[in-house]
Amino acid sequence: MIEGWSVVPRRAAVDAAGPKVEVVHGDGITFAYGTDALVVIVDAGDRPHGNAVDNANTLVLREPLPSEATQWIRSKNESNQPLLGFVKMADGCLALGELYQARSIYGGMNPYTGEQGSLTFAELTWGERLPPGLLDKVRPTPIPELPAPGIDWLDDVPQDLTRALRSFVTAWYADLPVLPATPHAAMKLPAPLLAFHDIAAGREEILGRQDFIEPLDRIEYLEDEPLVAFAAENQGVWVALIDPTDDDPVVWYDGGPERLRERERLSGFLLQFALNEAVSTSPFTGFATVATEALDRFVEDLVPVPLQPMRVPGDPTRQWVAPGLVAMAADYGESGIWLSVGSRQRSALRPLRSRLDWEQFSG
């Protein structure tokens with residue numbers, strides 16, 4: 001094993017909980033609760049939608065989890081017992097050390113007891129980051145992966161943005177099942193917006209998880225104005241407005257002291273929206289705050305998307321692509337440039353691990 005990291009027998013990992021230990025098992029996870037500590041033992045493996053090591057110093061828990069786990073975590077918090085982490089590997093359990101709850105989400109409150117419901121999601125972190133070689137053993141890439149989507153769709157950007165959007169989305173979300181859906185608009189809407197909904201039909205994720213495009217049946221005229229709100233920021237900071245009678249209308253942001261006009265028209269905005277969401281909602285992501293010089297070096301090997309910079313989430317916001325990868329840089333002025341990358345194949349991000357001092361990275 002790598003210097004500084006120890007592997008102990010599986011029995012020893014459970015015994016670290018102390019006397020009177022109770023043990024329960026979940027999907028790829030074991031919890032042991034005793035007098036001395038709460039122990040979490042996660043199986044080695046790459047499970048982006050399950051219980052697993054997510055990155056070099058984060059372990060993620062996802063529902064369904066044993067009900068005892070919720071109670072034990074509450075008890076641990078009240079008694080200040082340590083939370084100890086291990087990864088179950090072929091030759092024993094890798095000791096991660098003490099874990100800390102970076103984020104926890106619980107279900108609804110019990111109306112009879114006033115307690116929060118079951119634990120549905122948690123990010124548990126530890127101090128020293130796993131080195132890349134050890135991380136690859138703890139979280140090996142599944143073989144085979146889906147082929148990385150290409151970037152041939154860029155050829156269509158100058159002459160047919162809707163075709164470029166369709167090609168990108170179809171390839172990027174090839175792993176999502178297409179369910180039957182019949183989008184219905186209550187009014188006449190521009191062709192690019194109707195095409196976006198046609199592409200997304202049956203796959204709600206494409207409509208956005210960070211920000212979102214409104215379902216067709218919810219698009220309505222504003223009071224006393226010939227504009228409709230067709231998209232919105234996730235916390236209500238802005239809504240995006242268009243004139244629905246225009247073939248490819250100007251996009252306006254409403255939410256600040258005055259309305260702001262987007263540089264690209266609707267067809268370009270929708271492609272940029274899809275790229276931003278691909279970054280934000282991918283299972284494998286990275287985030288760093290960078291200076292201009294570091295950003296320029298980072299994107300040297302990537303292909304810029306040939307559209308004018310967006311005004312949101314920072315002004316300017318630009319995108320670059322490579323096979324299986326989308327990168328987005330949002331300039332927040334004095335707060336720095338926020339660089340985010342996303343992929344649906346972990347292998348597409350792995351070459352980037354050493355290129356920046358990432359604040360978050362799951363590749």
Side-chain angles (χ1 to χ4, degrees), residues 1 5-130 134-142 283-284 346 362:
M1 195 50 69
W5 298 89
S6 61
V7 173
V8 302
R10 295 175 186 175
R11 185 67 246 177
V14 173
D15 288 345
K20 300 181 180 179
V21 63
E22 299 179 65
V23 178
V24 295
H25 302 278
D27 182 16
I29 196 88
T30 297
F31 296 90
Y33 184 60
T35 304
D36 297 340
L38 172 60
V39 171
V40 177
I41 306 171
V42 65
D43 295 354
D46 189 15
R47 294 180 296 278
H49 303 294
N51 301 308
V53 170
D54 184 58
N55 58 50
N57 68 337
T58 305
L59 187 160
V60 174
L61 306 178
R62 294 181 173 87
E63 64 179 343
L65 294 164
S67 59
E68 294 90 343
T70 297
Q71 297 299 324
W72 292 346
I73 288 175
R74 286 202 188 101
S75 298
K76 177 206 75 67
N77 291 339
E78 293 169 359
S79 63
N80 293 319
Q81 282 181 310
L83 176 61
L84 305 179
F86 296 85
V87 181
K88 186 169 70 175
M89 305 177 72
D91 55 349
C93 289
L94 173 71
L96 301 175
E98 187 166 359
L99 304 180
Y100 304 92
Q101 287 178 254
R103 185 160 66 108
S104 300
I105 300 174
Y106 292 84
M109 182 178 293
N110 186 316
Y112 301 103
T113 65
E115 289 186 340
Q116 290 176 312
S118 298
L119 181 68
T120 61
F121 178 86
E123 289 181 351
L124 308 178
T125 66
W126 60 92
E128 185 177 356
R129 297 171 65 86
L130 295 174
L134 184 53
L135 179 60
D136 289 345
K137 292 181 179 180
V138 165
R139 194 200 55 192
T141 299
F284 310 115
R346 196 188 298 279
S362 62

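The structure presented is a predicted model; accordingly, all values stated were derived computationally and were not measured. Computation of the quantities below employed the complete heavy-atom set of this structure, encompassing side-chain atoms and omitting hydrogens, waters and symmetry-equivalent molecules.
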Seminar exercise, completed: Residue pairs meeting ring-ring contact (aromatic ring centres under 6.0 Å, His included), one or both in residues 49-78, sequence neighbours left out, come to Tyr33-Trp72
Problem set entry | Donor-acceptor contact below 3.5 Å, side chain Ser118 vs main chain Gly107 | no
For this session: Measure the spacing between CG of Leu61 and CG of Asp54 and express it to the nearest 0.5 Å.
Result: 11.0 Å
For this session: For Trp126 and Glu128, indicate whether the former's side chain and the latter's backbone hold a donor-acceptor pair under 3.5 Å.
Result: yes
Problem set entry | Rounded distance (nearest 0.5 Å) linking atom CD1 of Ile73 with atom CZ of Phe31 | 5.5 Å
Exercise. Is there a donor-acceptor pair under 3.5 Å between the side chain of Gln81 and the backbone N or O of Thr35?
Worked result: yes
Exercise. Does the Thr120 side chain pair with the main chain of Glu63, one donor and one acceptor, at a distance under 3.5 Å?
Worked result: no
For this session: Measure the spacing between CD of Glu123 and CG of Asn57 and express it to the nearest 0.5 Å.
Result: 10.0 Å
Problem set entry | Under 3.5 Å donor-acceptor, Arg62 side chain and Pro48 backbone | yes
Exercise. Going by heavy atoms in the side chains, are Arg10 and Phe86 under 4.5 Å from each other?
Worked result: no
Exercise. Would you say the side-chain atoms of Arg139 pair up with the backbone N or O of Arg47, donor to acceptor, closer than 3.5 Å?
Worked result: no
Seminar exercise, completed: d(Leu96 CG, Leu83 CG) to nearest 0.5 Å is 10.5 Å
Problem set entry | Close side-chain approach of Asn51 and Val40, heavy atoms under 4.5 Å | no
Problem set entry | Shortest non-hydrogen separation from Ala52 to Val42 and the atoms involved | CA-CG2, 3.6 Å
Seminar exercise, completed: Minimal heavy-atom distance between Ile41 and Ala13, with the atoms involved, is CD1-CB, 3.8 Å
Exercise. Would Leu124 and Gln101 satisfy side-chain contact (heavy atoms from CB on, under 4.5 Å), going step by step from the backbone distance to the final call?
Worked result: CA-CA 5 Å; Leu124 308 178; Gln101 287 178 254; 3.6 Å; yes
For this session: Applying side chain to side chain contact (heavy atoms under 4.5 Å, CB included), name anything that partners Pro82, two or more places apart in sequence or on another chain.
Result: Ala37, Leu84, Glu98
Extract all donor-acceptor atom pairs below 3.5 Å that involve side chains of residues 15-28 and protein atoms in other chains or at least two apart in sequence.
{"unit_1": "Asp15", "atom_1": "OD1", "unit_2": "Arg11", "atom_2": "NE", "d": "3.1"}
{"unit_1": "Asp15", "atom_1": "OD1", "unit_2": "Arg11", "atom_2": "NH2", "d": "3.1"}
{"unit_1": "His25", "atom_1": "ND1", "unit_2": "Thr30", "atom_2": "OG1", "d": "3.0"}

Problem set entry | Main-chain N/O of Pro283 paired with Arg346 side-chain donor or acceptor, under 3.5 Å | no
Problem set entry | Spacing of NZ belonging to Lys88 relative to CD1 belonging to Ile29, to within rounding of 0.5 Å | 10.0 Å
